[in-house]
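Have a look at the structure below, then the notes.
Numbering of residues begins at 1 and proceeds along the displayed sequence.
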Amino acid sequence: MGGPGAGESSLRGQLERVTFSNEGNGYSVFKIGVRGNPDLVTAVGFCEKHMPGEELEFSGTWVNHPKFGRQFQFSACKSIMPSTVEGIKRYLGSGLVKGVGPRMAERITAAFGLRTLDVLDASPDELLEVKGVSKKLLDSIKQSWESQKEVRSVMLFLQSNGVSPGFAAKIFEAYGTETIKAVKENPYKLADDIFGIGFLTADKVASNLGIAKESPMRLEAGVQYVLSDLTGEGHVYAPRETLARRAAELLEVPRELTDAAISQAAAESSLVLDVITPDGEPTTEAVYLPPYYAAERSSAKKLASLLRGDYLDGLDGITKGLDIEKAAAWVRDVMEIELAQKQKEALALALSSKVMIMTGGPGTGKTTLLRAVIGILGARGLTIELAAPTGRAAKRMSEATGHEARTIHRLLEYNGRLRAFQRNSETPLECDLLVVDEASMIDSILFFHLLRAVGQECRLILVGDIHQLPSVGPGNVLKDLIESGAVPVAELNEIFRQAQKSGIVVNAHRVNAGAMPDISPRNAGLSDFYFVREEDPEKCVGIILALVSERIPQRFGFDPMHDVQVLSPMHRGLLGVSNLNAVLQKSLNPGDKPTIERGGRFFKAGDKVMQTRNDYDKDVYNGDIGFIRMTDPEAGILSVEIDGRPITYERQEIDDGLIHAYAVSIHKSQGSEYPAVIIPVHTQHYVLLQRNLLYTGITRGRKLVILVGTKKAVSIAVANDDTRHRCTYLCERLRQAAAI
């Protein structure tokens with residue numbers, strides 16, 4: 001069997017029990033009975049599902065685990081049918097064959113001995129000789145035996161062609177008995193149909209199947225993949241030359257072939273070509289994925305239509321002839337809100353426009369103005385709906401305005417099962433005014449669906465800060481609308497006197513203006529903003545840990561788990577989200593509690609976690625933060641308390657929607673606000689040090705912001721206003737549609 005440190009070895013034995021099995025990625029822990037060895041051997045690695053009683057042959061190495069001791073870490077595993085009567089009996093009775101439990105397995109093996117598996121394969125009708133096997137049970141056994149044989153053959157086919165065990169199970173679940181046929185016909189469909197499988201995995205399978213490098217199927221799939229990858233970077237379209245070149249580099253073929261593949265895909269309507277002239281740039285041929293082309297064109301046309309629309313008679317008296325000074329006086333007397341001159345001008349624009357944008361940084365009075373608009377129009381009898389892109393942003397909007405706000409998806413009645421919005425052009429929203437906050441987070445597809453549901457008689461107010469990070473999805477909607485000049489814009493840029501006392505507000509505006517924040521030891525008595533200077537990344541980690549667990553709770557009274565949030569510019573590195581989560585989890589949630597391991601992440605009771613995808617069945621949304629209250633490693637489930645409600649997650653749901661949240665990325669914090677925020681700013685993050693990233697991070701803190709790192713890194717971030725250009729054409733399309 002070899003021993004620890006003996007290098008590549010082999011191991012063969014009978015599977016006695018499965019200690020652990022991750023259905024998502026195939027990671028398993030087996031106890032193996034090895035002939036001549038009195039003790040069971042622990043074997044760990046990634047493989048397909050196996051049943052107790054099977055004979056298994058492994059390739060791998062022996063290791064000494066610091067906690068679990070000596071074990072065999074395998075890189076390959078193959079099944080050999082049981083060769084003993086006892087093994088066959090355990091194999092059949094393990095639940096592999098429907099209708100055959102341990103007792104029936106004992107009867108069958110007693111009758112046929114070592115012939116048992118041959119009987120099941122070649123002459124299953126002989127089973128009728130066994131006591132208790134009826135014709136009905138025989139049919140069930142036949143079907144189950146054939147089914148598991150088919151699963152085995154499919155799994156063997158997929159894994160021999162470079163598919164991991166976890167993905168092999170997902171593929172079989174999607175295609176069933178047609179798996180081998182479907183994969184052989186077009187392995188690139190795997191990237192479209194199976195969540196988590198990308199083009200590179202599908203391309204590896206295609207190569208193993210003998211599909212040529214210059215195959216038209218491969219070329220078109222490669223072009224589609226590169227364009228999809230570009231949308232992941234925020235682009236709505238790609239210049240044809242750029243797309244052809246990047247696809248050629250990926251596929252390692254001449255550019256002429258990928259250019260021809262673009263033409264072919266356009267002829268088949270899987271891509272859209274459009275000749276455009278972006279502002280200040282030469283005319284180019286743009287390549288779109290069809291949904292993004294339709295969204296961009298339709299959004300421009302619908303918005304132009306709303307801007308041109310006449311008001312209904314019922315709204316006429318509200319928008320025409322309204323004395324703004326009297327309206328402002330009403331707001332002062334009834335709502336006890338004193339509006340500044342800039343706010344009065346913005347109020348006049350909001351009350352007289354069919355569509356308008358309200359923008360400004362922290363402390364400039366956006367929320368106050370919004371409350372005034374809602375108060376006036378509500379008093380005039382208008383029905384009002386408020387929405388925001390995320391659950392956290394919607395909650396903040398509700399708290400700030402005193403009016404119920406919902407996520408855009410819930411407002412539009414998104415049906416997850418049908419993957420469709422129930423509110424659309426045929427069943428529009430039933431309101432007179434729709435206000436959408438955090439509009440900088442809205443991507444082009446969501447904006448398209450939002451506009452479809454806005455009736456011609458409805459007013460639309462978009463509220464946001466264009467200096468925040470743009471949407472995670474493709475597009476730069478708020479920026480494009482403002483730059484188009486077609487939509488009335490009220491920009492609030494004066495910091496109110498009360499806000500001028502806040503170091504957070506003052507320094508956020510300094511950063512936005514391209515000036516260094518005040519990071520001096522004594523920053524003019526503004527005691528809610530601090531900078532801790534440290535060059536060594538490891539020491540920065542220690543400082544962050546001390547701030548969260550001791551210094552902030554002791555000095556400011558904030559709860560380290562509920563009130564303090566670490567925000568990092570990136571995921572990797574010592575000061576990245578992944579490492580900070582591991583360090584903070586160990587300190588803030590110590591103890592040997594039952595854990596559920598998912599892809600190298602360990603979840604246990606007490607952990608702070610974040611939901612990363614909207615789940616309408618569970619009524620939890622992207623950005624929601626909660627705490628794990630219970631884990632059941634054997635069942636692979638855990639329970640998270642979010643807003644006082646227990647939410648149960650199964651294995652796959654953990655993989656797809658749950659992350660640790662002791663530290664989160666600044667991108668993930670958009671739309672949220674926290675009492676205290678700690679941001680590592682170090683040259684380790686050089687590639688992501690940008691002004692809008694630092695600005696967004698600072699504006700997430702409500703009462704306290706602490707930067708930890710180097711002055712050089714802060715300086716780099718402030719100076720870097722070259723935010724990554726996004727290829728969008730909404731601005732120009734809106735100008736054309738509005739005839740500007």
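- Among all heavy-atom pairs drawn from P362 and Y695, the shortest one is CD-OH, 3.2 Å.
- Between the side chain of Q565 and the backbone N or O of Y662 there is at least one donor-acceptor pair closer than 3.5 Å.
- Below 30°, between 30° and 60°, or above 60°: for Y414 and H409 the angle between ring planes is above 60°, a perpendicular geometry.
- A distance-only check finds no donor-acceptor pair linking the side chain of S353 to the backbone of M356 [under 3.5 Å].
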Can you list the steps and then say if V472 with K668 is a side chain to side chain contact (heavy atoms under 4.5 Å, CB included)? CA-CA 9 Å; V472 174; K668 279 289 179 192; over 6 Å; no
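- The main-chain N or O of E296 is never found under 3.5 Å from a side-chain atom of S299 such that the two would form a donor-acceptor pair.
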Would R392 and E438 count as a salt bridge (charged side-chain N to carboxylate O under 4.0 Å, His left out) here? Give the steps. CA-CA 11 Å; R392 298 285 291 184; E438 296 287 357; over 6 Å; no
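- Looking at Q224 and S270, their side chains do bring a donor and an acceptor atom within 3.5 Å of each other.
- Every residue two or more places apart in sequence or in another chain that forms a ring pair (Phe, Tyr, Trp, His ring centres under 6.0 Å) with Y288 is listed here: Y237, Y293.
- Under a 3.5 Å cut-off, the side chain of S398 and the backbone N or O of A405 do form a donor-acceptor pair.
- Looking at every heavy atom in both residues, S484 comes nearest to L734 through OG-CD2, 3.4 Å.
- Side-chain contact between I654 and I596 is present, with at least one heavy-atom pair separated by less than 4.5 Å.
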The test is side chain to side chain contact (heavy atoms under 4.5 Å, CB included); show your working for R645 and V620 and say whether it passes. CA-CA 10 Å; R645 296 183 300 114; V620 290; 3.9 Å; yes
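- One finds the CG atom of L584 at 9.5 Å from the CE atom of M561 (value rounded to the nearest 0.5 Å).
- The shortest heavy-atom contact between A387 and L411 is CB-CD2, 3.8 Å.
- Here the side chains of C458 and P428 are not in contact, with every heavy-atom distance at 4.5 Å or above.
- Heavy atoms of other residues, nucleotides or ligands lying less than 6.0 angstrom from CD of E650 number 12 at most.
- Judged as a salt bridge (Lys or Arg N to Asp or Glu O under 4.0 Å), not a single pair has a partner in residues 326-342 (not counting sequence neighbours).
- Checking side-chain atoms of H571 against main-chain N and O of V664 turns up no donor-acceptor pair under 3.5 Å.
- Between atom CG of residue L451 and atom CG of residue L460 there is a gap of 6.5 Å, rounded to the nearest 0.5 Å.
- Under the side-chain contact (heavy atoms from CB on, under 4.5 Å) test applied with K366, the options T364, T368, L369 reduce to a single match, T364.
- Put simply, CG on D624 and CE on M610 are 8.5 Å apart, with the number rounded to the nearest 0.5 Å.
- At a threshold of 4.5 Å between non-hydrogen side-chain atoms, the residues V236 and P474 count as touching.
- The pair R396-D437 does not count as a salt bridge, with every side-chain nitrogen at least 4.0 angstrom from each carboxylate oxygen.
- By the 4.5 Å heavy-atom criterion applied to side chains, L469 and Q670 are counted as neighbours.
- Open room surrounds NZ on K189; 12 or fewer heavy atoms of other groups in view lie less than 6.0 Å from it.
- Side-chain contact between I376 and W330: present, with at least one pair of heavy atoms (C-beta onward) separated by less than 4.5 Å.
- Between the side chains of H467 and N692, no donor N or O sits under 3.5 Å from an acceptor N or O.
- V677 places none of its side-chain heavy atoms less than 4.5 Å from the side chain of L704.
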Under the salt bridge (charged side-chain N to carboxylate O under 4.0 Å, His left out) rule, what do K703 and D528 come out as? Steps first, then yes or no, please. CA-CA 6 Å; K703 297 179 180 178; D528 59 356; over 6 Å; no
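- Note: H562 and F627 meet the aromatic proximity criterion, with ring centroids under 6.0 Å apart.
- Side-chain atoms of N415 never come within 3.5 Å of backbone atoms of A420 as a donor-acceptor pair (strictly under, hydrogens ignored).
- One finds a salt bridge joining R733 and D274 here, because a Lys/Arg side-chain nitrogen approaches an Asp/Glu carboxylate oxygen to under 4.0 Å.
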Go through the steps to decide whether V436 and V463 satisfy the test side chain to side chain contact (heavy atoms under 4.5 Å, CB included), and finish with yes or no. CA-CA 6 Å; V436 183; V463 184; over 6 Å; no
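- With a 4.5 Å cut-off on side-chain heavy atoms, L638 and M630 do not count as touching.
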Assess the residue pair K395 and E399 against the criterion (salt bridge (charged side-chain N to carboxylate O under 4.0 Å, His left out)); give the C-alpha distance rounded to whole Å, side-chain angles, the decisive distance to 0.1 Å, and a yes or no. CA-CA 6 Å; K395 287 172 191 172; E399 292 164 1; over 6 Å; no
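- Under the rule for a ring pair (Phe, Tyr, Trp, His ring centres under 6.0 Å), the partners of H660 that lie at least two apart in sequence or sit in another chain are F603.
- Here the closest non-hydrogen pair linking L230 and A238 is CD1-CB, 3.6 Å.
- Within the model, atoms CD of Q343 and CD of E494 stand 9.0 Å from one another, a figure rounded to the nearest 0.5 Å.
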Assess whether salt bridge (charged side-chain N to carboxylate O under 4.0 Å, His left out) is satisfied between D480 and R735, documenting all intermediate values. CA-CA 10 Å; D480 285 347; R735 284 176 184 165; over 6 Å; no
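- Counting only distance, with no hydrogens or angles, the side chain of R700 and the backbone of S672 share a donor-acceptor pair below 3.5 Å.
- Between R726 and E233, no side-chain nitrogen of the basic residue sits less than 4.0 Å from a carboxylate oxygen of the acidic one, so the salt-bridge criterion is not met.
- The closest side-chain donor-acceptor pair between T359 and E491, if any, does not fall under 3.5 angstrom.
- Note on K618 versus E653: salt bridge recorded, some NZ/NE/NH1/NH2 to OD/OE distance being below 4.0 Å.
- Environment of CD in Q341: crowded, with over 12 heavy atoms of neighbouring residues, nucleotides or ligands closer than 6.0 Å.
- Between the N424 side chain and the A453 main chain, no donor and acceptor come within less than 3.5 Å of each other.
- No side-chain donor-acceptor contact under 3.5 Å links Q456 and K354.
- Judged by distance alone, the side chain of K302 and the main-chain N or O of R297 form no donor-acceptor pair under 3.5 Å.
- Using a 4.5 Å cut-off on side-chain heavy atoms (C-beta onward), L307 and P488 make contact.
- T699 places a side-chain N or O within 3.5 Å of a backbone atom of T696 that can act as its donor or acceptor partner.
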Trace of the side chain to side chain contact (heavy atoms under 4.5 Å, CB included) decision for H403 with I384: CA-CA 9 Å; H403 194 290; I384 301 169; 4.0 Å; yes
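- The two residues G475 and S471 come nearest to each other via the heavy atoms O-OG, 3.3 Å.
- Atom CG in N581 sits 9.5 Å away from atom CZ in R601 (nearest 0.5 Å).
- With rounding to the nearest 0.5 angstrom, the CE atom of M358 is 7.0 Å from the CG atom of L492.
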